[in-house]
Each structure stands twice: as C-alpha cells, then as structure tokens.
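This structure is in structure tokens; I'll ask about it shortly.
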Amino acid sequence: MTTDDADRFIDLERLAAIAIRQARVAALCAAVGLVLGALYLVFTPAEYTASTRILLDDSLTKFAEEKDAAPVRMQADSMISSEVEILKSARLARAVVLAEKLHENEAFLNPPRSPIGWMKDQIKSIVGLFSFGPAPSAASVENAKIGKAVALLQSSISAERAGRSYVIDVSFRSNDRKLAGATTRAYAEAYLSDQLDANFDATQRATIWLQGRLDELRESSQAAALEVAKFRAENGLTAARGELISEQQLSDLNSQLIVAQADTANAFGRYSQFKSIIDSGPENAVRNATIPSNSGNSAVINDLKARYLNVSKRQQEIAARFGEEHAQAVALRREQADLEKQIFQELKQITESYRNEYEVAKARETSLRENVGHMAGQSSETSESMVQLRALEQRSTALATLYQTFLSRHEEASQQQSFPIAKARVISEAGDPVSPSSPRKSMVLGLSLVLGLFAGAGLGALQEFRERFFRTGEDVRSALNINFLGYLPIVGTRLTTAASPVAAGPNPGDRQPRDQSGSVTPRILRVAVNAPASSFAETLRNAKVASDVVLQDRPSKVIGFVSSLPSEGKTTVAANFAGLLASQGARTLLIDGDLRNPGLSRGLSLTPDKGLVEAIVGDQPWRSTVLVDRSTKLAVMPAAVRGRLSHTSELISGPGMRDLLKDARTAYDYIIVDLPPLGPVVDAKAFAPLADGFVMVAEWGGTPRALVRATLQAEPQIAAKVLGIILNKTDMKKLARYGSFGGSEQYLDRYSAYYVDQVGMDGKA
C-alpha cells in the first residue's frame, strides 16, 4: 500500500476536521449527559454496603475427626460454589429475616425509591386495584410479609468467592447504614449456625440408619461363619498351614513346569538362531555369526574370525595396490576361504550342541506337564468341594468386613453428633458503613459525561453520514470537475441605500418614464451595487472575470443563470450580477426568462404590463418592454405573464427569442438571462443553443451533490457551457469548519480588512 493509499484509507486530517465541526454537538450532548447524571444523583437515594468475609477452613475440625486428602482444584471449586449458593438460598435468608425481625421493619420493607422504582410501584398498585378475591387472613398476611422480606433480602445480598481462595465475601446493601451492618453480621452468624445444624441433622440420621444395619450385618456374618465350618467338616477339607496338601503339590509342579517352559523356550531360541546362520551358507554365516561367551568353542571361533578379518583386510590392501591377480592377493584369498570353512565347521558343532540342549529341555517339560495333569485329575473331586468352600468363605469374609466398617462408621457418627465446631469462620466482621457505596458521584458524572460524548459522537457521525451537500470549492471540483466561482454569504439587512429610480430606455430618444419615485429592483437584488466592497460583490466579480476569460472572443455575451432546485437564490444572484456589471459601466440587459415562475418580475417595485412574452411574439418592440435603473443604467426585461403558459420552452427557444437576442447583442455587452431550474422543466435545456455560457447556482449546505451531478450529466449541452458554479447562502462563520487543513476556507477571516462593508448574516438570499 502506497502512502497516498494509506492517507485515503485513514484520512486523519478529515477526521480532525469532522471532530472540530461536530465539537459543539458533542459538547452539547456531554452537557446534557452531565445534567442527567446530576439529576440522577439528586433523585436517587443513597445506599450503604456492609461486608463480611467467611473462610471455609476444614482444619478447624482436624483434632476431632479424621481428615481425608485435600480435594483437587475442581472439587474445591465445586465445594466453594455450593457454599456460595447456600449463602444466597431462601432458607438462610428466611432464618435471617426471622432472627432480625426484618418482616416487621418498615424501613427495610419500604425503602426510599428512585424515580423509576417509584413509577413501577405506582403501576403495580394501580394494577392491584383491579384484582379481587377473598380477604386475606392474619396468617397469610404475616407469611406475605415474611416472603416479601426474604425476597428483598435475597435481592440485596451478594456472595462471591474472593479470587481463587477459600474466602467468601458476603455484602448487603441498604439505605440505612446501621441496618446494613446488623443484617450482614446476622447473615454470617446464621450461616455458621446453619452449618452446625446441617452437620448435626446429617449425623443423627446416619446414626439411626447405621444402628439398624449393624444388627442385620451381625446376624448375617455369624450365620455365614457357621456355614463355612460345617461344610469343611462334612467334606474332610483339612489343611496344613492354611492350604490343602494336594494343592501344595500341584502348586510345586506348576512352578517347576513354568521354569521348564522358560528353559525350553531359551534353548529353542538359541538353536533357531544358529540354525538360521548355518542355513544362510558359509560366507554369510562367517560374516553374520555372533558367538555367545558361554559357548565352549567361543574362543576358537573368535580367534578364527579375528584371523579372517585380518586376512581380508590385507587381501583388500594388496588387491587395491597391485591388482586382484597378484600372487600374494591370490594366496590371501585362498587362506581366507580356508578360514571360512573352519569357522563354518565350528558353527555347525555349536548348532548341534544347542539342538541337544533343546531336546533335553523339551523332554523335561513334557514329563512335568504329564505329572501336573495326573495330579489335577486326582484332585478334581476335591477341587469341586473347594470351589464351594471358597464361595462360602468369601461371603463370610465380606460380611465380617462390612460389619466392621459399619461399626466404625456408627461410632464416628455417634461422636460427631455433639461436635460443636463448624468448618468455617468469620475472618472480617462487618461494621456499620460510614459513607454510601452508591450512587458514586464521580463515577456517575464521569459515566454520564462519557455517554454524552459517545452520544454526541454518534449524532455527529450521523450528521456527517447524512452530509450530501456542497460545502467547499473542493466539493465542487471533485464532484463536478467544473470551475468554482466562489461563495456568496447569506444576505442580511445591512444593505446600502437604493439606487435612483427608472429614467428611460437604453436610447435617449426612446426614454419612457416608468416610476419617478422608486427603483426598479428591491434592495435584495441590489446587494452588489449597494455594497461594492463586500465579499458578496467580490464573488460576482470573480464570476465576471471567469466569463470574460472563457468568452473573450464574444463582443456581446449571453449568460444564463440556472440551478437544480427552486429557492436556491438563482434570481438574486443573476440580478446582483447584472447590477454589478451595469454599475461598472458595462451595457447590461437582465431578462427574466422564467416564464412559469417569474420571481424576478414579481420582485420589481412596479408591476409591468408587458414584457418578454410580448417581445417574443411581436406584440411589442422589445425595447419598449425594458425598464432601466437610473443609477446603474441596468436594463431589465420583465416577464409580464398572466396565467399559466404550457409552451414556455417553445417561446424561449423559438425564432422570436433568437431575433430578440440577435438585436440585443448590438445594444448590450452582457445579456443576463434568469432561467427556470433544471430538472423536470426543459426551458433551460431549450435555451441552451442560444446562450454563450451558463452560471450554476447551488445552495450551500442545501443542494445535494448527486443531484447536481446527475442534472449536468443529463444535460450535456448545458454542462459543456457551464462557466462555473457559485455556492449561495453560505454561512461564512461555519464555512471554516468544512475546509480542509491548509485550505482557503481556513483563512477567510484574514481577508476581512479587504471588505469595507460586509454583508449581514441574519437574512436569506
């Protein structure tokens, strides 16, 4: 990824500009968040939390009972989790309620409520009015109070394991700090008492059950022992040293047979190994033979093999140095062959000796196997009796062992009934809290501020996401790729005085008085004339320069003013542009070409009785329809339209309009035509062939970029003649927020000294 791609991926400057632009929104949301947090602190009652710590310690009972091995981690975790659930149980909460009489404590049953909790209670009370039933008894009312107190206690108590230790943190929160401390201490005492009671109840039930089982096991064990003795006497199953004689003989034979089988397997292994060596041939036998050290011929074979290896090495050296056919090499190979025969002969003798050992061992094993079978046949009848005897003995032994086990358990349970120590202790006693635990002012205010900032950031991001309008000249150039002519600020009330009234037509001979006491155009259409040193007039001068440069080969220029939407200030811009040209001495004609909605004509100080339509159709000479401002010499051709015209596009692009413009070019340097908006109205498109250029007017922050781009793409004739675009109704105070760092919008305030009379910012153009 290149540097430019990285900058486009995360445009830090753009993000910073967005942050500055939406800083007020974020600050406002943060202030609202702080106010809401402060209101929450004001209306939320304070809560106090008292805590105690309980250690689960099995070592407390180590002197009174036998301890098992320490539980593994998983078992310890399960045990501690079980104790936590006991602390949260309704049974323990009920014991605390009854011990502290919390069901009679109104401060506990009806604590102060937050606004949200108060509303919930009111809704519940209203719903309860519609529930009908029999009147509750005193016992049911008492039980209801206890149940409510138990529920409140369970909702306010908290029990958690402290890290990976055997310590449980128990805490209770209440609006009364003394009640919080007393209830927490009562909870710890109730838990320790519950452990003692649970141990006592469990050992008592176990003792009763074990006593009954002991009586049954004693009788069963005695009966089984008597049956064993009776069966042994009836079948003559006497034993020496606790075992029958036949069994002792058979056991000895079995031991000897096992040893004989092992000797046979070893002898067969040695014989098979050497037999495989002999079967592989003399050469392989000599190379691969491994001679055991306990063999009688091992010294001879090892000596022969050492000589064989020495001769082989010398033969290889002679053959490598003098060749295979050298006499000494031939003699060495002959000696090597002789040694192979001797070694192979010795190996055959060893193999034969191992075969004899294998035959002897196998014969001994066969003899022992026959003796074992004979002895087994003789004791078959005795074995059947012994099977029955062993079954009786096993049953008797099992009953005796079980009886001893239950007797030990019974004695342990009897001793533990009165054991007064629990397997837990309080290591940190709860005291009365001094300061409230909630609401935490700093945390609430900080969280409110952060949430407000997040809300402001989200709202600002939403506004930026919805931003689809023209804000800067860079937006114009990047979206439309046309010339940007400048910003026109929102026109206010600080305007210069009106110009002189109308005098006559363009020629002295054709002058016809119209209104000797007023101006042709209102002040809103004379801003550039009344404030010639303002930024408003400077932007229009920039538009004039652009038109002069592009249309420099035209002695008389026809410039149409268009916009994409109505109410973008197109008429105001066109009239002020024409007035500025006229005030600079240029012969200028302003034509109201919007025949469907002649806003320019309606804005004149007098109501014309004839205008563009009459001039086009030839009812009146076009010069007689022109109104001239006395001070600026601006000629205005209104549109005196009565009723709706359906063929305005034909009128404004027909032969009459062509002849009018052709004749007007001889009398004027600039002909400014105020045209209808683009889009569904085709008048501007029809007028395009007659115009030398167009000036596009868009409302700053009001005209979507996509709409202007689509409009120009749909009107290629107009797009080809667009001289540039002017952003009208610009909020100059907010403009710097939308400019990029280093952009011209960031430094507009530095040029304030060059504008003598600034246009006000409190009105709309």
Side-chain angles (χ1 to χ4, degrees), residues 485-502 518-547 559 561-563 566-586 588-592 594 598-606 627-636 638 670 672-674 695-703 724-735 748 751-765:
L485 300 179
Y487 304 99
L488 289 180
I490 300 175
V491 178
T493 58
R494 293 184 296 169
L495 304 174
T496 57
T497 57
S500 300
V502 174
S519 301
V520 175
T521 56
R523 290 186 300 172
I524 191 67
L525 303 180
R526 300 169 56 83
V527 176
V529 177
N530 295 337
S534 64
S535 60
F536 189 95
E538 193 67 23
T539 298
L540 295 180
R541 291 191 189 92
N542 186 42
K544 175 183 180 300
V545 173
S547 62
I559 302 174
F561 277 72
V562 293
S563 64
S567 303
E568 294 190 76
K570 165 182 58 64
T571 299
T572 303
V573 177
N576 279 276
F577 182 72
L580 181 65
L581 295 175
S583 65
Q584 293 178 351
T588 307
L589 173 63
L590 175 62
I591 300 176
D592 188 357
D594 191 352
L600 176 62
S601 300
R602 286 196 298 266
L604 298 177
S605 58
L606 51 84
L627 305 177
V628 180
D629 189 284
R630 179 179 299 173
S631 61
T632 62
K633 307 303 180 183
L634 173 64
V636 181
Y670 295 92
I672 310 302
V673 184
D674 180 21
V695 174
M696 193 82 178
V697 178
E699 182 180 353
W700 183 85
T703 304
I725 187 170
I726 294 176
L727 294 183
N728 191 30
K729 303 181 183 180
T730 304
D731 190 338
M732 304 303 289
K733 294 182 179 179
K734 296 181 179 179
L735 179 60
L748 290 178
Y751 296 92
S752 59
Y754 290 87
Y755 305 131
V756 177
D757 188 7
Q758 290 290 318
V759 179
M761 303 296 176
D762 55 347
K764 292 185 178 179

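Given the structure is predicted, the values throughout are model-derived calculations rather than measurements.
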Nearest 0.5 Å, what's the NZ-CD1 distance between Lys733 and Ile490?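 If we round to the nearest 0.5 Å, Lys733:NZ and Ile490:CD1 are 10.0 Å apart.
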Audit row: Ile591, Leu600, side chain to side chain contact (heavy atoms under 4.5 Å, CB included) steps and yes/no: CA-CA 9 Å; Ile591 300 176; Leu600 176 62; over 6 Å; no
Candidates Met696, Glu568, Glu699 - the one meeting side-chain contact (heavy atoms from CB on, under 4.5 Å) with Ser563: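 Running side-chain contact (heavy atoms from CB on, under 4.5 Å) over Met696, Glu568, Glu699 with Ser563 returns exactly one hit, Glu568.
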Tyr487 versus Met732, closest heavy-atom pair with distance: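 Heavy atoms only, the tightest pair is CB-SD, 4.4 Å.
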Shortest non-hydrogen contact from Leu488 toward Phe536: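 Looking at all heavy atoms of both residues, the closest pair is CD2-O, 3.4 Å.
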Non-hydrogen atoms of Ser535 and Pro489 that approach each other most closely: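 Smallest interatomic distance, heavy atoms only, reads OG-CG, 3.7 Å.
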Between Asn576 and Ala528, what is the shortest heavy-atom contact and its length?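 Heavy atoms of Asn576 and Ala528 come nearest at OD1-N, 2.9 Å.
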Separation between CG of Leu485 and CD1 of Ile725, rounded to the nearest 0.5 Å: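 Rounded to the nearest 0.5 Å, the CG-CD1 separation comes to 8.5 Å.
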Could you state the interatomic distance from CD1 (Ile672) to CZ (Phe561), rounded to the nearest 0.5 Å?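 So the gap between those two atoms works out to 5.5 Å.
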Which atom pair, heavy atoms only, marks the closest approach of Pro638 to Leu604?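 Answer, listing the atom of Pro638 first, then Leu604: CB-CD1, 3.8 Å.
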Can you name the side-chain hydrogen bond (donor to acceptor under 3.5 Å, both in side chains) partners of Thr571, sequence neighbours left out?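 Residues passing side-chain hydrogen bond (donor to acceptor under 3.5 Å, both in side chains) with Thr571: Asp674.
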Can you name the side chain to side chain contact (heavy atoms under 4.5 Å, CB included) partners of Ala582, sequence neighbours left out?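 Testing Ala582 for side chain to side chain contact (heavy atoms under 4.5 Å, CB included), a comparison that skips the adjacent residues, returns Thr588, Thr632, Leu634.
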Which atom of Ala575 lies closest to which atom of Leu590, heavy atoms considered: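 Nearest pair, atom of Ala575 first, then Leu590: CA-CD2, 3.7 Å.
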